[in-house]
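Residues: numbered from 1 along the sequence shown. If you're wondering where the values come from, they're calculated on a predicted model, not measured in any experiment. Numbering of ligands and ligand atoms starts at 1, following listing order.
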Amino acid sequence: MQQNPSDLRQLEALLDFYTESGVDCFLGDDQVDWYELTRQQAARRRQNQASQAPIQPTPQAAPPSAPTPGAAQASGLSKVPSVPANATGNLAGGGLAAVVPDKEIVDAARDLAATAASLEDLRACLDSFDGCNLKLTAKKLVFADGNPAAKLMFVGEAPGRDEDLQGKPFVGRSGQLLDSMLDAIGLDRSSAYIANVVPWRPPGNRTPTPQETEICKPFIQRQIELVNPDILVFLGAASAKTLLGVQEGIRKMRGRWMSYPTKGGEISVIATYHPAYLLRSPLEKRLAWRDFLSIKARLSGE
Ligand code: URA
């Protein structure tokens with residue numbers, strides 16, 4: 001049957017509307033008993049963990065902090081298993097099922113992240129890790145952008161739509177503002193490294209849940225350790241609260257130099273407003289500008 005062009009236009013307009021509204025996965029008509037599915041999956045995971053071999057460390061030498069294979073086994077380190085495609089219900093995402101975010105998964109994430117001896121390893125770990133449900137709906141892993149040898153590292157909260165499409169952090173409107181702010185202090189992405197606490201886009205750009213953040217935290221902590229910048233900048237309250245464990249709001253916290261502890265020592269850290277917030281509240285740019293001047297001064301050892 002011939003399609004009416006005006007129907008097609010309306011259909012396209014409707015799809016555009018959905019995309020703009022953040023709708024990015026389809027739900028089917030059949031009802032899914034998620035409680036039953038997650039119960040089954042938890043049972044399968046327990047079975048698999050009892051029978052699976054531990055993750056092998058990568059061929060490179062493991063860092064001093066990484067567990068040895070024996071230690072990994074002793075600490076229960078094993079790959080969080082993917083589950084058969086037929087357990088995925090109607091979720092988009094190609095063969096992975098939702099997991100119940102429990103302590104076991106957070107422990108598995110911590111053990112897995114600790115095995116990464118390099119940023120390439122860490123990316124591979126995230127590629128193989130099926131413990132975070134955000135991976136089911138995200139199009140791409142958004143690992144990092146910029147220069148891993150830079151003295152300056154930025155950490156945001158989670159990727160948005162543009163980042164998910166390109167697989168790079170801060171490439172949308174917030175990223176353009178971040179680029180202008182870097183430019184204003186004489187820097188660009190070749191002199192900074194950029195990552196997020198959560199490396200997969202939450203559907204519809206919702207805030208990551210506390211469980212999702214806890215599961216992803218060991219990976220960004222390891223990423224910071226591996227980059228080992230001189231200066232760390234938390235973009236917005238979410239990354240600062242997650243990684244410093246502080247409860248203060250960003251208004252109070254921003255602009256103050258603090259210390260971020262790692263296994264190898266301490267890194268100077270400052271929190272500033274998230275570029276997305278600055279786009280909504282342009283008057284606050286003057287305070288962010290102060291923070292960037294402070295970053296510039298510290299980078300040049302003043
Ligand atoms: N906001 C973030 O926190 N991170 C991105 O990568 C993009 C927008």
Side-chain angles (χ1 to χ4, degrees), residues 19-22 24 119 122-123 126-127 132 134-135 137-148 150 152-183 187-224 227 229 231-244 246 249-251 253-254 260 269-282 284-285 287-288 291-292 295:
T19 313
E20 285 295 307
S21 315
D24 54 8
L119 290 168
L122 191 66
R123 182 194 276 269
L126 279 164
D127 273 331
C132 180
L134 293 175
K135 194 174 181 179
T137 46
K139 291 191 171 51
K140 285 194 177 153
L141 169 71
V142 177
F143 185 66
D145 194 23
N147 181 356
L152 179 61
M153 174 169 179
F154 290 91
V155 182
E157 183 180 16
R161 180 169 173 266
D162 296 312
E163 289 75 21
D164 186 41
L165 290 172
Q166 291 189 39
K168 277 189 191 171
F170 285 96
V171 290
R173 284 184 66 221
S174 301
Q176 285 157 19
L177 179 56
L178 179 62
D179 286 341
S180 324
M181 291 159 86
L182 280 173
D183 187 48
L187 302 177
D188 59 23
R189 289 188 186 222
S190 68
S191 36
Y193 183 81
I194 307 172
N196 283 304
V197 171
V198 170
W200 294 284
R201 180 198 182 198
N205 293 350
R206 65 161 170 77
T207 304
T209 63
Q211 289 93 336
E212 286 159 357
T213 303
E214 261 325 281
I215 290 167
C216 295
K217 189 159 101 176
F219 295 104
I220 183 65
Q221 286 173 323
R222 186 75 190 129
Q223 203 166 355
I224 294 171
V227 175
I231 290 176
L232 198 50
V233 181
F234 292 141
L235 295 170
S239 54
K241 285 182 179 175
T242 303
L243 292 165
L244 287 174
V246 291
I250 188 71
R251 269 170 211 282
M253 200 189 336
R254 61 141 284 280
Y260 176 83
V269 62
I270 193 169
T272 189
Y273 287 131
H274 193 288
Y277 171 72
L278 295 175
L279 288 170
R280 294 193 301 273
S281 314
E284 304 283 24
K285 282 185 186 167
L287 292 175
D291 300 340
F292 270 66
I295 293 165

### Query
What pairs with Arg206 under salt bridge (Lys or Arg N to Asp or Glu O under 4.0 Å), at least two apart in sequence or on another chain?
Glu212
#### Entry: SB check Arg254 Glu284 (cutoff 4.0 Å)
no
### Message
Applying the side-chain contact (heavy atoms from CB on, under 4.5 Å) criterion to Asn196, which one of Ser239, Pro159, Cys216, Pro208 satisfies it?
### Response
Pro159
### Message
For Asp145, run the side-chain contact (heavy atoms from CB on, under 4.5 Å) check against Lys168, Glu163, Gln166 and tell me which one passes.
### Response
Lys168
### Task
Might you list the protein residues in contact with ligand 1, defined as having a heavy atom under 4.0 Å from one of its atoms, sorted by chain and number?
Gly156, Glu157, Ala158, Pro159, Glu163, Pro169, Phe170, Asn196, His274
### Whether Phe234 and Tyr260 hold their rings parallel, tilted or perpendicular, with breakpoints at 30° and 60°
perpendicular
### Message
To check you understand the geometry: which heavy-atom pair defines the closest contact between Tyr193 and Val227, and what is its length?
### Response
CE2-CG2, 3.4 Å
